[in-house]
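Please read the structure below before turning to the comments.
None of these values were measured; they are calculated from a predicted model.
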Amino acid sequence: ENEVGALIEECALLRQEKKWKEALEKAKEAVTTEQKLRKRDKSREELMFPTLFNLASAYEANSMHDRALKTYSICLTKQRDNPLAGRRRISMGNIYYAQRDYPSAIKCYEMALDHLSSKDDQSIRSKLRLNIGNAFFRSGRLREAVKNYQDVMDSIPDNQTAFNLFLCHYAL
């Protein structure tokens, strides 16, 4: 257990140092070690999800988007009730956005919004609305972009969102 934790920590430090390939190797090593531990003791599932999330993040850092999405999906299907499921959806949405798959990005961001509890920070909700608005804008769906930008402006206004909102209104 301590070895898995140390490997995850090493991976995070390597990602901070922008040593992407080394971080990926540590993440894979952490998953392998965790799987061996789980084979010996079936009740040890609590480490599976952090190691998989760590691996997905390492794949994402190495621009291995398909593998990252697959690993995030495994995390979500095996742990549906996890309160961090929304955060994983955000990561998936960011990957789809980077791939210019805006409908999938919007879907992930909206699912993440649905998973956020009422206690979650309003700034997270606003950032998600901004991301959704940007994805709608990029896909040419300006009316939906306006609605999301307006939601951001109603809660936590900022200059960039105001400018985006102005551009949408001008284009419409």
_Check: Leu7 and Glu10 side chains under 4.5 Å, non-hydrogen atoms_ = yes
*asked:* Taking salt bridge (Lys or Arg N to Asp or Glu O under 4.0 Å) as the definition, give me every residue that meets it alongside Asp101, ordered by chain and number, with sequence neighbours left out.
replied: none
_Test side-chain contact (heavy atoms from CB on, under 4.5 Å) applied to Ala145 - qualifying residues, sequence neighbours left out_ = Phe136, Phe137, Tyr149, Cys168
*asked:* Is there a continuous path of hydrophobic side-chain contacts, each under 4.5 Å between heavy atoms, that joins Leu69 to Leu55?
replied: no
*Going by heavy atoms in the side chains, are Gln16 and Leu13 under 4.5 Å from each other?*
yes
*Have Thr161 and Asn164 got a donor and an acceptor in their side chains that come within less than 3.5 Å?*
no
*Measure across Leu128 and Ala112 and return the closest heavy-atom pair with its distance rounded to 0.1 Å.*
CD1-CB, 4.1 Å
*Hey, do the aromatic rings of Tyr96 and Tyr102 have their centres closer than 6.0 Å?*
no
*Do Tyr97 and Asn134 come within less than 4.5 Å of each other through their side chains, counting heavy atoms only?*
yes
*Would you say Asn62's side chain and Met64's backbone share a donor-acceptor pair under 3.5 angstrom?*
no
*asked:* Within this structure, what is the OH-CG distance for the pair Tyr109 and Asn131, rounded to the nearest 0.5 Å?
replied: 4.0 Å
*Is there a path from Leu130 to Leu113 through hydrophobic residues (I, L, V, M, F, W, Y) whose side chains come within less than 4.5 Å of each other?*
no
*Salt bridge present between Glu22 and Lys19 (N-O < 4.0 angstrom)*: no
*Please name the pair of heavy atoms, one in Ala27 and one in Ala58, separated by the smallest distance, quoted to 0.1 Å.*
CB-CB, 3.8 Å
_Full working for salt bridge (charged side-chain N to carboxylate O under 4.0 Å, His left out) between Arg38 and Glu34_ = CA-CA 6 Å; Arg38 205 166 6 106; Glu34 183 276 328; 2.7 Å; yes
*Are Asp66 and Gln99 side-chain neighbours, meaning at least one heavy-atom pair lies under 4.5 Å?*
yes
*Should Arg129 and Asp154 count as side-chain neighbours, where that means a heavy-atom distance under 4.5 Å?*
no
_Side chain to side chain, Arg15 and Asn54, heavy atoms closer than 4.5 Å_ = yes
*Out of curiosity, Arg67 CZ to Tyr59 OH, how far, rounded to the nearest 0.5 Å?*
5.0 Å
*Using the rule that two of Ile, Leu, Val, Met, Phe, Trp, Tyr join whenever any of their side-chain heavy atoms come within less than 4.5 Å, decide whether Leu24 and Ile8 are in one cluster.*
no
*Look up atom CZ in Arg89 and atom OG in Ser73, then write down how far apart they are to the nearest 0.5 Å.*
7.0 Å
_Value rounded to 0.5 Å, distance of CG in Leu47 from CD in Glu1_ = 5.0 Å
*asked:* To the nearest 0.5 Å, what is the distance between CE on Met111 and CD1 on Ile106?
replied: 14.0 Å
*Mark yes when over 12 heavy atoms from residues, nucleotides or ligands other than Glu9 sit less than 6.0 Å from its CD; otherwise mark no.*
no
_Counting C-beta onward and ignoring hydrogens, is there a side-chain heavy-atom pair between Glu60 and Tyr72 closer than 4.5 Å?_
yes
*Cluster link Leu172 to Phe163, ILVMFWY, side chain under 4.5 Å*: no
_Are the side chains of Ser123 and Ile156 in contact, using a 4.5 Å heavy-atom criterion?_
yes
_Same cluster or not: Met153 versus Leu142, using hydrophobic residues (I, L, V, M, F, W, Y) connected whenever any side-chain heavy atoms lie under 4.5 Å apart?_
yes
*asked:* If I take atom SG from residue Cys11 and atom CD from residue Glu25, how far apart are they, to the nearest 0.5 angstrom?
replied: 10.0 Å
_Residue list, ring pair (Phe, Tyr, Trp, His ring centres under 6.0 Å) with Phe49, at least two apart or on another chain_ = none
